[in-house]
Amino acid sequence: MDLKKFEEAKQAQEEYKQEKKRIIDENLELPGLVDVDKRYKYTTKLLKGISFFEGVHIHMLNQENVETPKNRPIIFANTHRFKPDFEKISQKTNHPSFVVASDFINSYKTISGWYFNTRPTIFVDPYSEEDKAYTYQMMVRYLKAGLDGMIFPEAVWNLEPEKLLLDTFYGTVRAALETNAVIVCTAIERYGKKGRNYVINRNGYFDPSEILKKYTNLPFSIIQKNWMKEDWLAIVDECNVILRDTLATLLMEIWINHSEEYGLEKRADIKEDYWEKYIEKTIKEWKGYKLQDNIEQRFQNKKELEYYQVQQDFANLRRKLHKDNLFLFASEDRYQKYLITIDELEGKRLRKVMMK
């Protein structure tokens, strides 16, 4: 994105944030509710047509349509793994909904931005605590108005090699408790060399109000106002653990179910630069997106920050690779191989010194 368009997008984002604030503060009419059903049907047909011409196949594992209690809003909470997951999951919800998205700048005046604008979209500025608060209030208002919602509780793509799921923000379960909504969890994965096979898994719904009943008979709105923070936070925390565990289970079910179809590789057969290339390829799917954004915008906790510090320390050691620290990074066989290489390099340096 050139500087002129970036500045224009930043200005548009600030205007959008101020308008959102005004809607909440002055209790104005929510945007996008007129003809929301018609627009959802139209864009869903369009997306299905695009998928067909691209040779994309979407497979459902377990349930495509989940029966939920009548007259209660639904929050579709999804795993977040790559750029097209939003569009693919949207085709399989069969419900019009608002969506919470975080990248106003990079979607400004793009095809993705156009698609966001075909439905009620709440853009959140992940670097503004005030805007996060107004985004939450907007979510609650839409749900209370009877419109279902779609959200990605991890907030960013999960690009971690050792985490099945990132930590999830509390807004999803808190909004469900406040509006008496149920949560339909959905996991997605894609396979194939060209990434044209998608598998979506959902199975039943989660009702946070059942957890609330374990603690009190009072409505959540009263609890928030009158209880000590630690008391109602325990309810939210328990709901959030269930949400994260459910999403992780659904994703693992996809992996297990499709492991034979798409094949398993031995760890020894995986190239050492596989993950770096995977990250690079995934990041390129979203023009303007940066790995630093991914790290900064996710849910952070003390243990995770300590972990990243250790990773950074190891990265610094790698840059200063020497036979005295090589054992930290390699298996015994590779250690011997690299040790010989280092000795050869040191020998060459020594010969150069002697020649001088």
Listed partners of Lys214 passing side-chain contact (heavy atoms from CB on, under 4.5 Å), at least two apart: Ile211, Glu238

Contacts of Lys21 that satisfy side-chain contact (heavy atoms from CB on, under 4.5 Å) - sequence neighbours left out: Gln18, Asp25, Glu130, Tyr134

Salt bridge Asp207-Arg72, side-chain N to carboxylate O under 4.0 Å: yes

Ring pair (Phe, Tyr, Trp, His ring centres under 6.0 Å) involving Phe116 - partner list, sequence neighbours excluded: Phe86, Phe123

Partner set under side chain to side chain donor-acceptor pair (under 3.5 Å) for Asn201, not counting sequence neighbours: Asn62, Glu253

More than 12 heavy atoms of other groups within 6.0 Å of Tyr42 OH: no

Point-to-point distance, once rounded to the nearest 0.5 Å, from CD1 of Ile50 to CD of Glu87: 9.0 Å

Ser112 and Lys83 side chains, donor-acceptor separation under 3.5 Å: yes

Sequence-distant partners of Glu154, side chain to side chain donor-acceptor pair (under 3.5 Å), two or more places apart: none

For Thr68, side chain to side chain donor-acceptor pair (under 3.5 Å) partners two or more places apart: none

Exercise: do Ser51 and Tyr198 side chains pair donor with acceptor under 3.5 Å: no

Glu276 CD: over 12 foreign heavy atoms closer than 6.0 Å: yes

Salt-bridge present (Glu129, Lys132; N to O < 4.0 Å): yes

Linked hydrophobic residues, Ile111 as query - side chain contacts closer than 4.5 Å: none

Whichever hydrophobic residues join Leu250 through chains of side-chain contacts under 4.5 Å: none

Co-members of the apolar cluster containing Val140 [side chain, <4.5 Å]: Tyr136

Contacts of type salt bridge (charged side-chain N to carboxylate O under 4.0 Å, His left out), residue Arg119, not counting sequence neighbours: none

From CA spacing to verdict: side chain to side chain contact (heavy atoms under 4.5 Å, CB included), Asp131, Val124: CA-CA 6 Å; Asp131 190 65; Val124 57; 3.9 Å; yes

Side chains of Asn240 and Asp237, donor plus acceptor under 3.5 Å: no

Any residue meeting side-chain contact (heavy atoms from CB on, under 4.5 Å) with Glu8, in chain and number order, not counting sequence neighbours: Tyr108, Lys109

Ion pair Arg81/Asp85, N-O distance below 4.0 Å: no

Sequence-distant partners of Leu28, side-chain contact (heavy atoms from CB on, under 4.5 Å), two or more places apart: Arg22, Ile23, Glu26

Note, Leu143 side chain near Leu147 side chain (heavy atom, < 4.5 Å): no

